[in-house]
J.: 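Mind having a look at this structure? Questions to follow.
The chains referred to below are lettered A, B, ... by the order of the sequence lines, with proteins before strands, and numbering in each begins at 1. Quick note: numbers below take in every heavy atom, side chains included, and nothing from hydrogens, waters or symmetry partners.
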There are 2 protein chains.
Amino acid sequence: MSKAKIPAATIIRLSVYQRYLKKLLARGVKVVSSNDLAKQANVNPAQLRKDLSYFGRFGVRGVGYSVSTLLNSISNILGVMDERTVVLVGTGPIAQALIRQPGFSQQGYRFAAVFDIDEKNIGQEFEEDLVVQHLNELSDFVKENPVELAVVAVPSDKTQEVADRLVECGIRGILNFSPNRIKVPRGVSVQYVDFTILLDSLTYNISRHKKEEEEQKEEKAAFPKLKWGREHSWPVVQSNNTMA
Amino acid sequence: MSKAKIPAATIIRLSVYQRYLKKLLARGVKVVSSNDLAKQANVNPAQLRKDLSYFGRFGVRGVGYSVSTLLNSISNILGVMDERTVVLVGTGPIAQALIRQPGFSQQGYRFAAVFDIDEKNIGQEFEEDLVVQHLNELSDFVKENPVELAVVAVPSDKTQEVADRLVECGIRGILNFSPNRIKVPRGVSVQYVDFTILLDSLTYNISRHKKEEEEQKEEKAAFPKLKWGREHSWPVVQSNNTMA
DNA sequence: TTTGGTTTGTTTATTTTTTAACAATTGTAA
DNA sequence: TTACAATTGTTAAAAAATAAACAAACCAAA
């Protein structure tokens with residue numbers, strides 16, 4: 001445990017651990033080892049222990065981790081003990097899909113209001129008890145309801161403007177569904193959900209894998225009788241990279 | 001340039017560069033420096049040059065990069081020159097939102113078919129010219145249409161089963177909207193779109209930032225007259241972490 | 001008790017990634 | 001032509017992240 005800088009990847013993993021701990025808890029499992037939990041989360045056990053060690057000591061040597069205790073500790077670290085309120089900005093298909101996503105509320109996020117800047121959408125009933133308000137009203141809304149998180153799903157060219165307004169109103173974390181990189185002041189965090197970038201990365205992996213196979217074939221053709229020699233495994237496409 | 005291992009983060013960044021190059025091209029800009037492009041993409045200029053250097057030499061010293069040439073080169077590296085066909089699995093709100101996303105086709109991804117495993121959705125007209133088929137038919141579909149990419153938006157507990165079937169049919173890249181970590185054989189890549197993990201990470205950033213401010217305040221209270229001494233900038237929440 | 005098998009927490013080593021630095025090129029203007 | 005300013009490609013240094021290794025601590029069984 002220390003006050004060192006915590007890798008962003010560690011936080012992401014904590015969130016993954018948390019999810020698997022919830023499953024274990026639901027299954028009635030009381031204790032889990034770093035080995036077992038790491039296997040489920042698809043990471044190295046040492047990694048998991050290291051991740052936890054940034055924040056304290058949560059296990060018992062020779063035994064493992066109490067599922068419920070560790071789950072609590074991680075929730076505490078992440079700051080996700082209590083329900084968090086979120087505002088949604090945008091009313092397009094993505095926004096509509098998001099608000100119907102059960103995952104958010106399961107994880108303690110509650111959409112408290114929906115805003116838009118496109119006049120023609122204002123006043124429309126978005127979900128039961130959720131009427132679309134103009135972004136101008138956010139500042140009043142924030143005074144009544146303490147919100148720090150916003151999910152933004154507006155057209156790319158509006159994203160920066162929306163972000164500026166949000167920050168002005170006190171929003172400190174933005175989940176941005178537009179691919180546009182936005183500028184925010186210090187102390188405000190942004191995370192991007194960028195589908196096509198991920199598809200591009202998959203595309204690259206696939207084409208690289210093909211090229212490697214071809215090269216391997218060529219090599220075999222060049223030395224067809226070579227039976228010994230380099231017998232190592234070939235460098236291969238990584239199967240699972242999370243990063244997000 | 002070399003045959004070294006390419007960081008996954010480099011590929012992600014290439015995709016970002018590509019997007020900004022498209023914008024520059026549309027604006028009629030002919031030449032761009034690593035400095036300018038890097039600033040837009042929110043990365044270090046050396047980083048950008050390094051990223052490119054893995055694949056070759058694309059610029060002219062003293063001048064910069066030809067926007068159109070670099071755009072082409074990057075598209076080539078990523079393997080996104082031609083249109084890529086994608087199948088969608090799932091028919092829920094997320095799936096419906098995705099298929100209406102203009103971003104995909106802008107980037108050259110075309111949804112060629114929609115599948116589901118839930119019988120009650122089969123046969124429904126999902127989009128114009130797109131009728132939901134049963135996943136059983138994927139294998140036949142692949143024989144006619146070469147597809148290697150799948151976007152999966154099915155309930156968590158079905159994800160592994162679906163993934164297995166996809167891999168069996170020859171799919172080599174999966175964009176998974178369920179938070180469940182899935183197991184796939186070598187040579188198959190998976191990327192996760194996991195909203196709540198990103199929100200958790202934002203939550204953590206916010207609460208950490210608050211704690212730091214408190215500590216700073218306490219410190220000031222403890223040494224109210226301390227004017228000199230440590231004058232460095234405080235470790236602060238990172239504002240933009242992409243990772244995805 | 002004591003011994004042996006487990007499993008953590010932490011330190012150390014390794015690997016990977018990022019950043020900085022700078023020589024090599026290029027275009028431009030005196 | 002020559003000198004200068006700009007900018008790349010690449011090497012070297014620094015920083016960060018991951019993985020390995022192992023002592024410390026625990027439990028259970030003999």
Side-chain angles (χ1 to χ4, degrees), chain A residues 1-14 16-17 21 24 29-67 69-70 73-74 77 201 235 238 240-244, chain B residues 1-14 16-17 21 24 29-67 69-70 73-74 77 201 235 238 240-244:
Chain A
M1 168 154 187
S2 69
K3 235 184 163 183
K5 224 178 309 137
I6 317 289
T10 288
I11 303 303
I12 297 292
R13 283 191 297 265
L14 285 181
V16 175
Y17 303 152
L21 286 167
L24 291 172
V29 178
K30 298 288 183 215
V31 172
V32 68
S33 70
S34 61
N35 241 302
D36 286 356
L37 186 54
K39 193 175 287 173
Q40 300 192 56
N42 236 336
V43 303
N44 184 305
Q47 180 79 268
L48 186 152
R49 297 200 296 274
K50 180 87 197 201
D51 286 338
L52 294 177
S53 78
Y54 286 118
F55 301 97
R57 307 164 62 155
F58 306 99
V60 180
R61 295 178 184 204
V63 180
Y65 302 90
S66 150
V67 170
T69 306
L70 185 57
S73 303
I74 291 183
I77 292 165
S201 147
Q238 81 204 108
N240 290 284
N241 33 12
T242 298
M243 306 216 53
Chain B
M1 166 150 189
S2 67
K3 234 183 160 185
K5 223 178 309 135
I6 318 287
T10 288
I11 303 304
I12 297 292
R13 283 191 297 263
L14 285 181
V16 175
Y17 304 151
L21 285 167
L24 291 172
V29 178
K30 298 286 183 216
V31 172
V32 68
S33 69
S34 61
N35 241 302
D36 286 355
L37 186 55
K39 194 175 286 175
Q40 300 192 54
N42 236 336
V43 303
N44 184 307
Q47 180 79 267
L48 187 152
R49 297 201 296 276
K50 179 85 197 199
D51 285 339
L52 294 176
S53 79
Y54 286 118
F55 300 97
R57 307 163 62 154
F58 305 100
V60 181
R61 294 177 184 206
V63 181
Y65 302 91
S66 150
V67 170
T69 306
L70 185 57
S73 303
I74 292 183
I77 292 165
S201 147
Q238 83 206 104
N240 291 284
N241 33 12
T242 299
M243 308 215 52

J.: Please determine, for the side chain of B:Arg57, which listed nucleotide (D:dA19, D:dT10, C:dT18) has the closest atom?
T.: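 The answer is D:dT10.
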J.: Quick one: closest heavy-atom pair of B:Pro45 and B:Asn35, and the distance?
T.: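 Smallest heavy-atom distance, with atoms named: CG-OD1, 3.7 Å.
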J.: For the pair made of CG in B:Leu52 and P in D:dT7, what is the distance, rounded to whole Å?
T.: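 Going from CG in B:Leu52 over to P in D:dT7 covers 16 Å.
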J.: Which atom names give the shortest non-hydrogen contact between B:Ser201 and A:Ile12, and what distance separates them?
T.: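 Taking every non-hydrogen atom into account, CB-CD1, 4.1 Å.
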J.: Return the set of residues passing side-chain hydrogen bond (donor to acceptor under 3.5 Å, both in side chains) with B:Tyr65 (not counting sequence neighbours), or none when no residue passes.
T.: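 For B:Tyr65, no residue satisfies side-chain hydrogen bond (donor to acceptor under 3.5 Å, both in side chains) once neighbours in sequence are set aside.
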J.: Given atom CZ of A:Phe55 and atom C1' of C:dT8, what is their separation to the nearest angstrom?
T.: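 Spelled out: CZ on A:Phe55 to C1' on C:dT8 is 18 Å.
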J.: Please list residues of residues 59-66 of chain A whose heavy atoms come under 4.0 Å from any atom in DNA chain C, ordered by number; otherwise none.
T.: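 Under 4.0 Å from DNA chain C: A:Gly59, A:Val60, A:Arg61, A:Gly62, A:Val63, A:Gly64, A:Tyr65.
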J.: Over how many whole Å does the gap from B:Asn35 atom CG to D:dG9 atom C1' extend?
T.: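 It works out to 15 Å between those atoms.
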J.: Tell me: NZ of A:Lys39 to C1' of D:dA19, nearest whole Å?
T.: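 Between C1' of D:dA19 and NZ of A:Lys39: 17 Å.
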J.: Side-chain N or O of B:Lys5 less than 4.0 angstrom from OP1 or OP2 on C:dT16?
T.: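 Answer is yes, contact under 4.0 Å.
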J.: Measuring to OP1 and OP2 of C:dT8, would you say a side-chain N or O of A:Ser34 lies under 4.0 angstrom away?
T.: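 For C:dT8, OP1 or OP2 has a side-chain N or O of A:Ser34 closer than 4.0 Å.
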J.: Between A:Asp51 and B:Val32, which has a closest nucleotide on DNA chain D that is more 5'?
T.: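 Here B:Val32 is the residue nearer the 5' end.
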J.: Without decimals, in angstroms, what is the distance between B:Tyr54 OH and D:dT8 P?
T.: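 Value for this atom pair: 18 Å.
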J.: Side chain of B:Ser33, heavy atoms from C-beta onward: which of D:dT18, D:dT7, C:dT17 has the nearest atom to it?
T.: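 So the nucleotide nearest the side chain must be D:dT7.
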J.: To the nearest Å, give me how far apart CD1 (B:Ile11) and P (C:dT17) are.
T.: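 In whole Å, C:dT17 P and B:Ile11 CD1 are 11 Å from each other.
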J.: Measuring to OP1 and OP2 of D:dA20, would you say a side-chain N or O of A:Arg49 lies under 4.0 angstrom away?
T.: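 No, outside the criterion.
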J.: How close or far is atom P of D:dA12 from atom NZ of B:Lys50, stated in whole angstroms?
T.: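 Roughly 11 Å, once rounded to whole Å.
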J.: Please pick, from D:dA20, C:dT18, D:dT8, the nucleotide with the shortest atom-to-atom distance to any side-chain atom of A:Ala46.
T.: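 For A:Ala46, the side-chain atoms sit closest to D:dA20.
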J.: Go through A:Ile11 and A:Tyr54 one step at a time and tell me if the side chain to side chain contact (heavy atoms under 4.5 Å, CB included) criterion holds.
T.: CA-CA 11 Å; A:Ile11 303 303; A:Tyr54 286 118; over 6 Å; no
J.: Name the one of A:Leu52, A:Asp51, A:Val43, A:Leu48 that satisfies side chain to side chain contact (heavy atoms under 4.5 Å, CB included) with A:Ser34?
T.: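 Checked A:Leu52, A:Asp51, A:Val43, A:Leu48 against A:Ser34; only one passes side chain to side chain contact (heavy atoms under 4.5 Å, CB included): A:Leu48.
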J.: For a side chain to side chain contact (heavy atoms under 4.5 Å, CB included) check, start with the C-alpha distance between A:Ser73 and A:Thr69, then their side-chain angles and the critical distance, and finish with the verdict.
T.: CA-CA 6 Å; A:Ser73 303; A:Thr69 306; 4.2 Å; yes
J.: Rounding to an integer number of Å, can you tell me how far A:Leu48 CG sits from D:dA20 P?
T.: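 After rounding, the gap between these two atoms is 15 Å.
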J.: Respond yes when some side-chain nitrogen or oxygen of A:Asn44 is under 4.0 Å from OP1 or OP2 of D:dA20, and no when none is.
T.: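 Indeed, a polar side-chain atom of A:Asn44 lies that close.
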J.: Test A:Leu21 against A:Val32 for side chain to side chain contact (heavy atoms under 4.5 Å, CB included), laying out the working first.
T.: CA-CA 9 Å; A:Leu21 286 167; A:Val32 68; 4.1 Å; yes
